[in-house]
Number of protein chains: 2
Amino acid sequence: MTTLTDVAKRANVSKMTVSRVINHPEQVRDELKQSVFTAMHELNYRPNVAAKALVNNRTQIIKLFILEDMDTTEPYYMNLLAGISKELGKEQYSLQLVTNHSFDIGGCDGYIVTGMRHTDFEWVQRLTRPVVLFGENRLELDYCDTNNTLGTQMATEYALKQGYTNIEFIGINVKEPFEYSREAGYLMSMQNHQLPTTIHRFSNHSHLAMEYIEANWSDLKANTCYVCASDRLAFGIEKGLTIFNARVPADFGIIGFDGVFLNQVATPKLTTVQQPIFELGVRCARMLLTKIEKDGQSQGIEQLLPTLSIAGSTRNDQGD
Amino acid sequence: MTTLTDVAKRANVSKMTVSRVINHPEQVRDELKQSVFTAMHELNYRPNVAAKALVNNRTQIIKLFILEDMDTTEPYYMNLLAGISKELGKEQYSLQLVTNHSFDIGGCDGYIVTGMRHTDFEWVQRLTRPVVLFGENRLELDYCDTNNTLGTQMATEYALKQGYTNIEFIGINVKEPFEYSREAGYLMSMQNHQLPTTIHRFSNHSHLAMEYIEANWSDLKANTCYVCASDRLAFGIEKGLTIFNARVPADFGIIGFDGVFLNQVATPKLTTVQQPIFELGVRCARMLLTKIEKDGQSQGIEQLLPTLSIAGSTRNDQGD
DNA sequence: AATTTTCCTGCAACCGATTGCACTAGCTTC
DNA sequence: GAAGCTAGTGCAATCGGTTGCAGGAAAATT
């Protein structure tokens, strides 16, 4: 390993000058700066993260808490990780995963918390370093999330535009903020159009939605589009309709929410509200880094726009 | 932050004694050890990872390379992460994620590499720290993986036992070692029973398997069980059979491979060869830690046993 | 009783970086 | 021309641990 001192010798300066070239380049004469740069390059100098961490009292570690049970974790988490990891890597931060299986040991400079339920509030608020959440919350905690309300509004508007005359919402039972927001988006759109609303709520497993369709097939209204709070639910609906050889998308439309999952499985592919998961990871990380830099100062919230990914589970008349 | 020196003062010893209590407890008198312990406890002492790292020339970081495209990554990766993270956490190691989106910056003490294709060989072999792979390989590199051959053997044997008279293998096109191994398991079992073999190969996307069924429906042999190289493929088969209202599991059986994916989606649930992913994560991490401790000495390979998770896509006669 | 051995503990140096302060030029300024 | 500034650079101390060696007391050997 080449150290600051090695570079210093090579460039015929003190190691202080080298350090300054890295951290306060404006304080160093251009001439010296150049020779230091070439020395660093020739020796392939890489700063020792641990030494830096020690003197700066920074661990250069960000902990990612995944509070959800990993068994039921959505696959799109991988995209989130990629986004976070990319952004942290830019500033020499490393990403430490803390799951319900590992212990929280050692220090860190900040936290990103995902999958927080209302029961985790107390615990999260006790953390002594800057925190950013992935996912809406009604506390004063900084977070990044998809604009969930807008997502279901987009879905609802699209369904109406495609001529479905009855729009129903398939929601999730558990009462977390993002679930409310998705329901709210549907409700807002429907009320704007002065249309009657119908909401079904299941736990987030496809088979319940499927069973609902199975049990109520004869009562289903023609030309219905199901706006769903998740791809899993949408998938259950589609499965249920398939049993009766229902014509999708001609007679029934289905719109999911999330947008990663189904692209790998469903056939025909689902129309869905696509969350910008990777970008959300990037933003979470960036927000946290800024917060750390600004000494824990609140960064507010950041809601990214979802996009409607149109596929085979809804009619798709191009005309406006 | 309380330091070694703080603890030392409190316990009326030098900081050396405290350090030894932690690292070489046998060298310290019981009496002193006790008072040091209580001092550590009272002050809630946590060792400074960076300082330790600096003097020991260890970063305490393990890098996990995920070489696969994150977009198509299997959801079970989350379980792998959980397993790795748990094991690393035990020894104060932190897990740094390196994806195709982030850069590989800063040092580390070792690598776990997943999703390696044969095209990555050269690159991986150039790494200068201990490496353990997740996934079979034909090089001399240490790895952990499911016993893939055994997995498809179990699936095949079970299908036969349940009275399916024609067993066909739905495999994956790309030629990586685990794919060969899964095919081999099927072939071995069939040849042991002196039965004719049929192998189809697709890329690992469900729709191709589905389209195959769709296109060849009239030629399918009755009482066939499809032993598949992945849950995705199995899912495609099931989807295809559903189109024709085929009776599963009465007339056709389907067995998948992986065992995480489908539990969230498919209905009826698929019988599948369940990989012990979490445990594989633990073993990978443990193997790497041992390898680091033993100065890079090769640790060989570790193949864990899969289990057959029996569900609704195969007949299930309990009798022996 | 004197000497050796063993066991335990503390001092000082060091890992590789950064910060505060002192110092040397070279330039202004009066 | 002496005093005062300003840049630019280096020295020494520091972060929180660990290792090598020295030293003191008790136990074992002679």
Side-chain angles (χ1 to χ4, degrees), chain A residues 1-37 39-40 43-61 91-94 105-109 292-293 295, chain B residues 1-37 39-40 43-61 91-94 105-109 292-293 295:
Chain A
M1 283 294 96
T2 74
T3 72
L4 263 194
T5 316
D6 299 333
V7 177
K9 272 186 200 141
R10 177 94 175 196
N12 272 323
V13 294
S14 76
K15 64 178 191 172
M16 272 323 307
T17 305
V18 181
S19 172
R20 266 191 279 260
V21 168
I22 297 170
N23 300 301
H24 307 283
E26 74 283 358
Q27 296 178 12
V28 180
R29 211 160 17 119
D30 282 352
E31 188 189 329
L32 282 192
K33 222 181 314 195
Q34 271 313 318
S35 66
V36 168
F37 273 136
M40 291 201 307
L43 296 171
N44 191 29
Y45 170 72
R46 300 267 169 263
N48 182 315
V49 185
K52 231 167 160 147
L54 177 58
V55 61
N56 291 335
N57 195 22
R58 292 277 192 93
T59 60
Q60 296 299 113
I61 288 175
E91 308 210 9
Q92 304 263 46
Y93 275 84
S94 77
I105 36 158
C108 72
D109 295 344
I292 289 170
E293 201 180 317
D295 216 32
Chain B
M1 282 296 100
T2 75
T3 72
L4 262 193
T5 315
D6 299 332
V7 177
K9 273 187 199 142
R10 177 93 171 198
N12 271 322
V13 293
S14 77
K15 65 178 190 173
M16 272 322 307
T17 305
V18 180
S19 172
R20 265 191 278 261
V21 167
I22 297 171
N23 300 302
H24 307 283
E26 74 284 358
Q27 295 178 12
V28 180
R29 206 159 22 116
D30 283 354
E31 190 189 326
L32 281 191
K33 220 181 313 190
Q34 270 315 316
S35 65
V36 168
F37 273 137
M40 289 200 312
L43 296 171
N44 191 30
Y45 170 71
R46 299 266 169 263
N48 182 315
V49 185
K52 233 169 158 145
L54 177 58
V55 61
N56 291 333
N57 196 23
R58 293 277 191 93
T59 59
Q60 295 300 114
I61 289 176
E91 307 209 9
Q92 305 261 48
Y93 275 84
S94 76
I105 36 156
C108 72
D109 295 344
I292 289 169
E293 200 179 317
D295 217 29

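So you know, we letter chains A, B, ... as the sequences are listed, proteins then strands, and number each from 1.
The CG atom of A/Asp6 sits 8 Å away from the P atom of C/dG16 (whole-angstrom rounding). Computed from coordinates, the B/Leu4 CG to C/dG10 C1' distance equals 14 Å when rounded to whole Å. Going from atom CD1 of A/Ile22 over to atom P of C/dG16 covers 14 Å, rounded to whole Å. Remark: C1' of C/dA22 and CD of A/Gln27 are 15 Å apart, rounded to the nearest angstrom. In this structure, A/Lys52 places its NZ atom 14 Å from C1' of C/dT19, rounding to the nearest Å. We find that CE of B/Met40 is positioned 11 Å from P of D/dG17, with the value rounded to whole Å. Between the CG atom of B/Asn48 and the P atom of D/dC15 there is a distance of 12 Å, rounded to whole Å. One can place CG of B/Asn56 at 8 Å from C1' of D/dG17, the figure rounded to the nearest angstrom.
For B/Met16, whose side chain is taken as the heavy atoms from C-beta onward, the closest listed nucleotide among D/dG10, D/dC15, C/dG10 is C/dG10. Distances were taken from every side-chain heavy atom of A/Val13 (C-beta onward) to each of D/dG10, C/dA17, C/dT9; the shortest belongs to D/dG10. Taking only side-chain atoms of B/Leu54, from C-beta outward, the nucleotide of C/dC15, C/dT18, D/dG17 with the closest atom is C/dC15. Across C/dA12, C/dT9, D/dG10, the shortest atom-to-atom separation from the side chain of B/Leu32 is found for C/dT9.
Residue B/His24 has no polar side-chain atom (N or O) positioned under 4.0 Å from OP1 or OP2 of D/dT18. Dashed line: the shortest gap from a side-chain N or O of B/Thr17 to OP1 or OP2 of C/dT9 is not under 4.0 Å. At C/dT9, one or more side-chain N or O atoms of B/Arg29 fall inside 4.0 Å of OP1 or OP2 (strictly under the cut-off). The side chain of A/Tyr45 places no N or O atom within less than 4.0 Å of a non-bridging phosphate oxygen (OP1 or OP2) of C/dG16. Neither OP1 nor OP2 of D/dC11 sits under 4.0 Å from any side-chain N or O of A/Ser14.
Looking only at distances, a side-chain donor or acceptor of A/Asp109 sits under 3.5 Å from a matching main-chain atom of A/Gln60.
Side-chain to base pairing of B/Arg20 with C/dG10: one donor and one acceptor N or O lie within less than 3.5 Å of each other. Side-chain to base pairing of B/Lys15 with D/dG17: one donor and one acceptor N or O lie within less than 3.5 Å of each other.
If you take CG on B/Asn44 and CE on B/Met1, they are separated by 8.0 Å, rounding to the nearest 0.5 Å. Rounding to the nearest 0.5 Å places CZ of B/Arg29 at 12.5 Å from CD of B/Gln34.
Looking at heavy-atom distances under 4.0 Å, A/Asn57 makes no contact with the nucleic acid at all. Counting non-hydrogen atoms under 4.0 angstrom, A/Asn23 reaches the backbone sugars and phosphates but no base.
Residue B/Asn12 is the one, among B/Asn12 and A/Ala50, whose nearest nucleotide of DNA chain C lies closer to the 5' end (criterion: closest heavy atom).
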Decide yes or no on side-chain contact (heavy atoms from CB on, under 4.5 Å) for B/Met40 and B/Ile22, but give the supporting numbers first. CA-CA 10 Å; B/Met40 289 200 312; B/Ile22 297 171; 4.2 Å; yes
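Side chains of B/Tyr93 and B/Arg58: a donor-acceptor N/O pair is present below 3.5 angstrom, by distance only.
Scanning for side chain to side chain donor-acceptor pair (under 3.5 Å) contacts around B/Lys33 gives B/Asp30, with sequence neighbours left out.
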